[in-house]
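Accompanying notes for the structure given below.
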Amino acid sequence: MALKQIDPVRWVLERDFKIGMKVTGLIYGDSYIIQNLEKEGALTQIANVACLPGILKHSFAMPDVHWGYGFPIGGVAAFSLNEGIISPGGVGYDISCGVRVMLTFIEEKEVASCIDELTAALFSRVPSGVGSKGALKISETELLSVLAKGALWAVKKGYGRSEDLECIEERGTLPHANPDAVSKKAIERGKPQLGTLGSGNHFLEIQVIDEIYDENVARQFGLNPGQVTVMIHCGSRGLGHQVCDDYIKVMLRAMNKYGISVPDRQLCCAPLKSEEAKQYLGAMQAAANYALANREIIGQLVREVFGDFFPKSDLKLLYDVSHNMAHIEKHGVEGKQVDVCVHRKGATRAFPPGHPSLPERYIQVGQPVIIPGSMGTESYILVGTKRGMEECFASTCHGAGRVLSRKAAMKSEKADTILKRLEDRGIKVMAETIGTVREEIPEAYKDVSRVVDVVEKAGISRKVARLRPLAVIKG
DNA sequence: ATGTAC
C-alpha cells in the first residue's frame with residue numbers, strides 16, 4: 001500500500017480505487033510506529049474503513065493504532081448524517097470504555113507509609129476480574145434508570161457527588177439513550193456488574209504527578225508536582241459487550257436490506273438515517289450511560305477508602321472521558337459547520353479551548369485528555385487543541401497501544417518475574433487473575449511517551465502533566 | 001473488551 005510521509009509525524013495512505021477507498025488515510029506516527037502498523041494488518045483496516053459510505057476527510061489512525069475487530073483500535077472515522085453509516089465495530093465491544101482521574105490533596109510520602117494497606121483496601125472494595133460482580137446489585141427497573149441517566153443516577157443514589165457531573169463528558173448523561181433498544185440478555189448481564197472494574201487492560205491506579213509540561217494549564221486543571229492522583233480505567237462490562245454483539249447481527253441483516261457492501265464483514269453497518277442505526281445509537285448511548293455510572297460508582301468507592309485512611313482529605317474529579325464511542329457532534333466540513341457522526345475506537349475526544357460543551361472551569365484552556373499508560377508505566381494528562389478540532393474531529397490517542405497480541409504476550413514471562421520487576425521499581429501490584437498480569441506485561445505495549453510525543457508534535461493535543469504509578473489494581 | 005464458544 002502506498003504510504004507517503006508528509007511531515008515528521010504524518011503519513012498519508014493514498015486512495016486505492018481498486019478496493020474502493022473513498023478518502024485517503026491519515027496516520028499519525030514516527031517511523032517505529034509505522035513499521036509496527038505494517039506487520040499486523042492495521043494498515044489494511046485503515047484502508048477498509050476509508051471505503052465506508054459517507055466517510056468525511058480521512059480514515060484517521062492515532063499513533064497507538066493496532067488491529068481490532070473490523071476497525072483498527074486507535075481509529076477515528078466521521079460520517080455524514082445524510083450519506084453516512086454507523087458501525088458497532090467502529091465503537092468497539094467495550095462501549096464507552098474510558099478513563100477518569102481524581103485528584104487527592106495528599107503527597108506521595110503520606111501514601112507511601114501505608115501503600116500496602118491502602119492498595120489492599122481498594123482491591124477488596126472495588127470488585128475486579130472477568131465475571132466480577134457485587135459492588136451493588138440492582139433491580140431491572142433501577143438498571144433501566146441507570147441506562148437512561150448514567151452518572152446522574154449514581155449521584156442521585158448517593159454513589160457519587162453532584163459536583164462530579166460537570167467534569168464528566170456530556171455532564172454524565174447521554175440524553176438520547178434508549179433503554180428499550182437494549183436486549184433482555186444485555187440487561188441480565190449488566191445487573192450484577194455495576195461498580196466493578198472488569199479485566200484485561202482495565203485498572204485502578206494510585207499515581208503521583210511527577211512532571212508538569214504546561215504550568216498554566218496544569219494550574220487551571222489543579223495539578224501540582226508531588227500530588228497523588230487516582231486513575232480508573234473501565235467500561236460497560238458485559239452489558240456493553242452484549243449490546244455490541246446484538247447489533248452486529250442487526251447490522252449484518254441491514255447490509256443486505258440496504259445493499260451496502262464493505263471489504264470486511266466486521267465493518268457491518270447501517271445508514272445513519274435508517275431505523276437500525278437509530279436503534280443502535282439509542283442502545284449504544286444506554287450502554288455508555290452504564291459505563292459513566294460504573295466509573296462514578298467506582299470513584300465513590302475510592303473516595304470512601306481514601307476517607308478511611310486520610311479523614312481530612314478529599315478526592316476531586318479532574319475529568320472522565322470515554323475512548324470507545326460514536327458521538328453526533330458539530331464539526332467544520334468543507335467550510336461549513338455540520339453535525340457528523342464521529343466514531344472513536346481507542347481514540348479520545350479532545351475538545352479545544354472555547355468549545356461549548358466544556359465545563360466552565362476548563363473553557364479557557366481546553367478539555368483534559370487522559371492517556372493511561374500500560375501496567376507499570378507513566379500516564380499522561382493532555383489538553384485539546386484547535387488544530388485537533390479542525391484536522392481530526394477533535395481526537396487524539398487513547399494509550400500506548402499493543403504491539404504484541406494477548407496470546408503472544410502470554411508466552412513472554414512468568415507473572416512472578418513481572419511482579420518482582422515492578423516491585424523493584426516501587427510499584428505495588430494486586431491482580432485478581434495472574435494471567436492478566438502476563439497479558440498486560442509492559443513489553444506488550446508501545447512506549448506511551450513515544451505515542452504521546454507524536455500527538456503533541458502533530459499539534460492535535462498538548463502535554464500538561466505526567467503521572468507515575470505507585471500502586472496498580474488489575475482485574 | 002467478554003459468563004475469552006450457543
Side-chain angles (χ1 to χ4, degrees), chain A residues 40 42 45 64-75 87-100 126-135 137 143 182-204 232-249 252 266 283-284 286-288 290-292 294-295 298 321-326 343-348 372 374-375 398-411 431-441 444-445 473-475:
Chain A
E40 43 134 42
Q45 293 195 316
D64 49 343
V65 70
H66 57 107
W67 186 92
Y69 181 91
F71 290 61
I73 294 160
S87 172
V91 172
Y93 268 90
D94 191 2
I95 295 168
S96 192
C97 177
V99 224
R100 67 159 48 192
V126 180
S128 63
V130 179
S132 57
K133 45 185 158 184
K137 286 195 183 93
L143 185 68
V182 176
S183 69
K184 281 271 172 281
K185 196 173 175 186
I187 287 169
E188 284 307 313
R189 286 181 72 173
K191 267 198 296 192
Q193 295 186 325
L194 204 53
T196 64
L197 197 60
S199 180
N201 64 3
H202 291 165
F203 65 77
L204 192 163
I232 298 164
H233 178 206
C234 64
S236 50
R237 310 288 285 104
L239 185 139
H241 190 276
Q242 190 61 46
V243 167
C244 183
D245 230 28
D246 292 340
Y247 280 90
I248 282 171
K249 290 180 192 115
L252 285 169
Q266 293 186 352
M284 180 205 60
Y290 184 97
L292 295 179
N294 196 29
R295 288 194 290 273
I298 294 173
V321 66
S322 157
H323 47 232
N324 274 11
M325 265 306 269
H343 294 62
R344 298 186 185 89
K345 181 192 192 178
T348 314
S374 47
M375 184 176 63
H398 86 307
R402 275 198 178 273
V403 279
L404 295 180
S405 69
R406 290 176 166 196
K407 218 188 235 175
M410 284 295 267
K411 289 181 191 159
E432 191 67 41
T433 320
I434 213 76
T436 307
V437 174
R438 301 180 74 191
E439 280 181 2
E440 292 292 308
I441 182 170
Y445 286 85
I473 288 169
K474 297 289 289 180

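Basis for what follows: all heavy atoms, side chains included, without hydrogens, waters or symmetry-related copies. Everything numeric here is computed off the predicted structure, so don't read it as measured data. Every chain is numbered from 1 and lettered A, B, ... according to where its sequence line falls, protein lines coming before strand lines.
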State, with a plain yes or no, whether a side-chain heavy atom of Leu204(A) is found less than 4.5 Å away from one of Ile298(A).
yes
Does Arg406(A) have a side-chain nitrogen or oxygen under 4.0 Å from the phosphate oxygens OP1 or OP2 of dT4(B)?
no
Donor + acceptor pair across side chains of Ser322(A), Arg344(A) (<3.5 Å):
no
Calculate the interatomic distance between Tyr93(A) atom OH and dA5(B) atom C1'; express it in whole Å.
12 Å
Using a cut-off of 4.0 Å on non-hydrogen atoms, how would the nucleic acid contact of Ser236(A) be classed: base, sugar-phosphate, or nothing?
nothing
If I take atom OH in residue Tyr69(A) and atom C1' in nucleotide dT4(B), what distance separates them, rounded to the nearest angstrom?
15 Å
Can you measure Glu432(A) atom CD to dT4(B) atom P for me and round it to whole angstrom units?
16 Å
Between CD on residue Glu440(A) and NE2 on residue His202(A), distance to nearest 0.5 Å:
9.5 Å
Take Asp245(A) and His202(A), find for each the nucleotide of DNA chain B with the closest heavy atom, and name the residue whose nucleotide sits nearer the 5' end.
His202(A)
What is the distance, to the nearest angstrom, from the CD1 atom on Ile434(A) to the C1' atom on dT4(B)?
18 Å
For Gly200(A), report the nucleic acid contact type (base, sugar-phosphate, nothing); a contact means any heavy atom under 4.0 Å.
sugar-phosphate
To the nearest Å, give me how far apart CD (Gln242(A)) and C1' (dA5(B)) are.
13 Å
In this structure, is the centre-to-centre distance between the rings of His233(A) and His323(A) below 6.0 Å?
yes
Send over the distance from Arg237(A) CZ to dT2(B) P, rounded to a whole Å.
5 Å
Between Cys234(A) and Arg295(A), is any pair of side-chain heavy atoms under 4.5 Å apart?
yes
Starting from P on dA5(B), measure out to CD1 on Ile248(A) and report it in whole angstrom.
15 Å
Over all strands shown, is Gln193(A) touching base, sugar-phosphate only, or nothing at heavy-atom distances under 4.0 angstrom?
sugar-phosphate
Looking at every strand, decide which applies to Gly238(A) at a 4.0 Å heavy-atom threshold: base, sugar-phosphate, or nothing.
sugar-phosphate
Quick one: label Lys133(A) by what it contacts on the DNA or RNA (base, sugar-phosphate, nothing), any heavy atom closer than 4.0 Å.
nothing
Rounded to whole Å, please give me the gap between CD1 in Ile73(A) and C1' in dT2(B).
13 Å
